[in-house]
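Below you'll find the structure, written out as structure tokens, and then a few comments.
Whatever order the structure lists ligands and atoms in, that order sets their numbers, starting from 1. Throughout, numbering of the chain's residues begins at 1 and tracks the sequence. All figures in this text were calculated on a predicted structure; none of them were measured in a lab.
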Amino acid sequence: MTVTYHREQELGIITVDNPPVNALSHAVRQGLNDALAQARNDDSEAVLLLCAGRTFVAGADITEFGKPVQQPSLQQVNEALESLNKPIIAAIHGTALGGGFELALCCHYRCASPSAAVGLPEVNLGLLPGAGGTQRVPRLTGPQVALDMITGGQKITATDAAGLGLIDRVLEGELKPAAIAYARELITGRAPLRRIRDLSMPASGFDQNAFDEYREQLGKRKRGQQAPQKIVDCIEAATRLTFDEGLAFERERFTECMASEQSAALRHTFFAERTAPKIRGLDTAVQPRPINRVGIIGAGTMGGGIAMVFANAGIPVTLLELNDEGLQRGLALIGKNYGITVSKGKLSEQEAAARQARISGSTEYESLADADLVIEAVFESMDVKRQVFSKLDEVCKPGAILATNTSYLDVNEIAATTTRPEDVVGMHFFSPANVMRLLEVVRADKTADDVLATAMALGKRIGKVPVLAGVCYGFIGNRMLRQYGREAQLCMIEGAAPEQIDRVLTSFGMAMGPLAVGDLAGLDIGYKARQALTAEQKGDPRTYCIADALVEQGRLGQKTGAGYYRYDPQTRARTSDPEVLEIIQAQAAQHGVQQRELSDGEILDRHLLALINEGFRILEEGIAQRASDIDVVYVCGYGFPSYRGGPMFHASQRGLKNVYDSILKLQKHTGEAHWAPAPLLKQLVSEGRSLSDWESDRT
Ligand code: 3HC
Ligand code: NAI
């Protein structure tokens, strides 16, 4: 039974029990309807609605989306709830989200544990609250709060929600007895049936202009996304229509969102992120190793950020550097970063100090003797990494996990420098490590299953989205990035300006264009890496000649005030630089490239197809476990718009045949070997099968 109804003296108690998150499946909706019918007809004086398990209702059942709605709908259940002939009180623990919070808003009163949170996160799925949320919240809070809450999609704590009038009482102690006492208090006080639908909108002074201004700002913050704008339309409707008209308006907008490609992509992303940490074929008996203390080697860009990630998750860290000077520099940078977070009001000074206190510095390897996990983040050099891992092999306790944050180097080779390759794994964080959500967990040939399970579980514990990758140059993300970056270089030498390339890709929804990213990261990094390659490894000399020329002229990107663009030394504001066009033209002439005008469509296509083609190779080689893992890598680590689902989802939406034909055309047109269609893509197209068919046949 997913929903039960029982009596405790004068109270009727409805309990939803639908693990793991009490989603509003058809069975739950039916159960609620039946329970409400019982409550309506018995002599109970008030009804309590609560949930079993770890949380209150976390929303509509997303697995039912896209299928025909089975009656009763959530709207019908809500109608029955709000119309109940006696007070009904929601008792919230965990999170009341989306349709779950809307259910609570249809109760006449809401109480919650102090640790509970509420929210309307539908926007993160490309949707809007479709069960009255856009009409009921503004009736309690006014439009401004409702706009911020619903377009932001963030959870708010029970205490904050109480401050906004969304929760009536925050209850200390065990929730159920406290909620029963609260319900009795309401009965004794003859509390009215407080139906939000009957409340009028609070006077707010929020007029048409204010809504238009909000839409404009939102257009910048949530560039390219449809659902946020429709949310504003609904909240505006709440200010001018009757409740029932507003509800009908919301319903129409919800249906439009549900049918949109953006929502399909975001729903794909939701499940892809939750599937990624699961390791195919791993024995369920495998248990992760306990991780209570972490060592990090190298307090540079990555090491400092990774130390913060663990400290933020409450795990003590020892940060090791070559010498005291390097260590103090690294620790000072960490302190500065926490200071910035405090100054932005995102962290209290006390909490920042507590987090920083979890990071201790050292220059002695012996200080890592009690670490359960050590992550190496030293220079990207095999020689240096070998020295570090030999030393770790000497000092670390048996069973300690030895991880490398290498971007490109062979994890098998690194593991082979130790006497315990089964304990070695790649843990590839992304810069800035304390911000980016992606973690590539790289499985080397001998990595033990429990080491992988530990890395995955730990990744989730520290708030990352872990994705399993196999060993190859650049793993999943950087291997694909190479193809994408190459296309940016080739488009430039063929005649596209950096501004055009970046504009096309940001208009598609990428967080930044490839050339602006290059300037941010520093053009010298790629340059140095290329210097180590043989002419054969470097390939076509046209490809990186522009990037090399910029570096050789001292244009290393933002840090030198010039790269593909020019940067204001104070504000870092970016402007176009005619000198760059001259450099590009000179390189084109030198390499005999006849420049031409490239259309925006060609530029976009070439970048996306480069990613997709490499994605198919990665999938076929087993470097990624699933196509959706590749999407997660791109969405969580490389700024690919989540509302487009990732490169592989995009390929499936576009149609594999279309993707294949377009790649083939590029191959014919350019004669370049890298445009040979990936064998798996070719095979699927010739067999007329989809990626998901291929994947389900493999499992
Ligand atoms: N429907 C179906 N399955 C859901 C679900 C939902 N709403 N929410 C979570 N799940 C599933 C997950 O897919 C996962 O399944 P798995 O174990 O098979 O991989 C399992 O529940 C546990 O989820 P998490 O790993 O995310 O668990 P956490 O404890 O980390 O987080 C949570 C719990 C905060 C509730 C988080 O799952 C969450 O944010 N869920 C989505 C909430 C949401 O978006 N609600 C709005 C839905 S749309 C809606 O309600 C429309 C309405 O307005 C009409
Ligand atoms: P960095 O140059 O900023 O920092 C490296 C630090 O390691 C320096 O502070 C250096 O003093 C220290 N170090 C060098 N040898 C050491 C040793 N033997 N013992 C102790 N400390 C030592 O480099 P960054 O950018 O932090 O990169 C580190 C690693 O992370 C590299 O493998 C890199 O490929 C990888 N990486 C870098 C990313 C980036 O965007 N910078 C992203 C993801 C991975």
Would you check the N or O atoms of M302, main chain and side chain alike, for any that come under 3.5 Å of an N or O of ligand 2?
yes

Centres of the F430 and H428 rings: under 6.0 Å?
yes

Salt bridge (charged side-chain N to carboxylate O under 4.0 Å, His left out) assessment of E413 paired with R386
CA-CA 8 Å; E413 204 177 326; R386 278 167 171 279; 3.3 Å; yes

Hey, are S367 and T318 close enough side-chain-wise for a donor-acceptor pair under 3.5 Å?
no

For ligand 2, which atoms sit closer than 4.0 Å to a heavy atom of T301?
3 (O), 25 (O), 26 (O)

If you count the atoms of ligand 2 from 1 in the order shown, which ones are under 4.0 Å from a heavy atom of F379?
2 (O), 5 (C), 8 (C), 10 (C), 14 (C)

So that I know where these two stand, are H93 and F56 an aromatic pair - ring centroids less than 6.0 Å apart?
no

Could you tell me if any non-hydrogen atom of R54 lies under 4.0 Å from any atom of ligand 1?
yes

May I ask you to test the L333-T301 pair for a side-chain heavy-atom distance under 4.5 Å?
no

With a 3.5 Å distance limit and no angle check, can you tell me whether D17 reaches the backbone of A52 through a side-chain donor-acceptor pair?
no

What atoms in ligand 2 come closer than 4.0 Å to a heavy atom of H428?
43 (C), 44 (C)

Please could you name the atoms of ligand 1 that I62 approaches to less than 4.0 Å, counting only its heavy atoms?
1 (N), 2 (C), 6 (C), 7 (N)

If we count only non-hydrogen protein atoms and require a distance under 4.0 Å, does atom 5 (C) of ligand 1 qualify as touching the protein?
yes

Quick one: look up the protein heavy atom nearest atom 7 (N) of ligand 1 and list residue, atom name and how far away it is.
A60 O, 2.8 Å

Find all atoms of ligand 2 within a distance of less than 4.0 Å from any non-hydrogen atom belonging to S407, and give their numbers and elements.
33 (C), 34 (O), 35 (C), 36 (N), 37 (C), 43 (C), 44 (C)

Only heavy atoms of F65, strictly under 4.0 Å: list the atoms of ligand 1 that pass.
48 (S)

To the nearest 0.5 Å, what is the distance between CD (E261) and NE2 (H268)?
13.0 Å

So, R329 and E321, do they make that salt bridge, N to O below 4.0 Å?
no

For ligand 1, note which part of V21 has a heavy atom under 4.0 Å away: side chain, backbone, both or neither.
side chain

Does any N/O atom on T95 come nearer than 3.5 Å to any N/O atom on ligand 1?
no

Does only the side chain of I297 get under 4.0 Å from ligand 2, or the backbone, or both, or neither? Count heavy atoms.
side chain

closest protein heavy atom to atom 8 (C) of ligand 2 is E321 OE2, 3.3 Å

Suppose I only count heavy atoms of L125 and a 4.0 Å limit; which atoms of ligand 1 are within that range?
44 (O), 47 (C), 48 (S)

Can you tell me if T406 and E380 form a side-chain donor-acceptor pair at under 3.5 Å?
yes

For atom 24 (P) of ligand 1, which of E64, R267, R274 has the closest heavy atom?
R274

In ligand 2, which numbered atoms sit nearer than 4.0 Å to a non-hydrogen atom of V384?
15 (N)

Nearest 0.5 Å, what's the CG-OG distance between L127 and S260?
7.0 Å

Counting from 1, what ligand 1 atoms have a heavy atom of E122 closer than 4.0 Å?
48 (S), 49 (C), 50 (O), 51 (C), 52 (C), 53 (O)

Do the non-hydrogen side-chain atoms of V411 and F475 ever get within less than 4.5 Å of each other?
yes

Measure the CD-CD distance between E102 and Q75 for me, rounded to the nearest 0.5 Å.
8.0 Å

Can you figure out which of G130, A23, G119 has its heavy atom closest to atom 54 (C) of ligand 1?
G130

Identify which of G94, G98, A58, S25 has a heavy atom lying nearest to atom 43 (C) of ligand 1.
A58

Closer than 4.0 Å to some heavy atom of K385 - which atoms of ligand 2 meet that?
31 (C), 32 (O)

Is any side-chain heavy atom of Q71 less than 4.5 Å from a side-chain heavy atom of H26?
no

Distance col, row I297:CD1 vs K385:NZ, nearest 0.5 angstrom, shows 10.0 Å

The one among F270, F271, F101 that brings a heavy atom closest to atom 40 (N) of ligand 1:
F270

Starting from atom 32 (C) of ligand 1, which protein heavy atom do you reach first, and at what distance in Å?
L97 CD1, 4.5 Å

Under 4.0 Å from atom 15 (O) of ligand 1, is there any protein heavy atom?
no

Between E252 and K230, does any NZ, NE, NH1 or NH2 come within less than 4.0 Å of an OD or OE carboxylate oxygen?
no

Could you list the atoms of ligand 2 found under 4.0 angstrom from a heavy atom of T406?
32 (O)

Does the protein place any heavy atom closer than 4.0 Å to atom 23 (O) of ligand 2?
no

contact_flag K278 ligand 1 heavy-atom lt 4.0 Å
yes

Nearest atoms (heavy-atom pairs only) where Y564 meets A547
OH-CB, 3.6 Å

Charged tip of R253 within 45° of F249 ring normal and under 6.0 Å
yes

Quick check: V378 and ligand 2, any N/O pair under 3.5 Å apart?
yes

Given P121, G99, C257, P20, which one has a non-hydrogen atom that is nearest to atom 20 (C) of ligand 1?
P20

Atom CG in L319, atom CD1 in I359: separation rounded to 0.5 Å?
7.0 Å

Residue D61 vicinity, atoms of ligand 1 by number, heavy atom under 4.0 Å
1 (N), 2 (C)

Any luck finding a side-chain donor-acceptor pair between Y338 and N312 under 3.5 Å?
yes

Nearest heavy atom to atom 40 (O) of ligand 2 wins, so pick from S431, G522, P432.
S431

Check ligand 1 against P129 and write out every atom of the ligand that is under 4.0 Å from a heavy-atom position of the residue.
53 (O)

Heavy-atom distances under 4.0 Å decide this one: backbone, side chain, both or neither, for T404 against ligand 2?
neither

Minimum-distance protein heavy atom relative to atom 43 (C) of ligand 2:
F429 O, 3.2 Å

Could you tell me if Y638 and N478 have a donor-acceptor pair between their side chains, going purely by distance under 3.5 Å?
yes

Looking only at distances, can you tell me whether any N or O atom of E102, backbone or side chain, sits closer than 3.5 Å to an N or O atom of ligand 1?
yes

May I ask which of I375, L322, N478 has a heavy atom nearer to atom 18 (N) of ligand 2 than the others do?
L322

Do T134 and E250 have side-chain N/O donor and acceptor atoms under 3.5 Å apart?
yes

Is T55 touching ligand 1 with its side chain, its backbone, both, or neither, if touching means heavy atoms under 4.0 Å apart?
neither

Proximity to ligand 2 by part of I525, non-hydrogen separation under 4.0 Å:
neither

At a 4.0 Å threshold, what atoms of ligand 2 neighbour a non-hydrogen atom of G300?
3 (O), 4 (O), 6 (C), 9 (O), 26 (O)

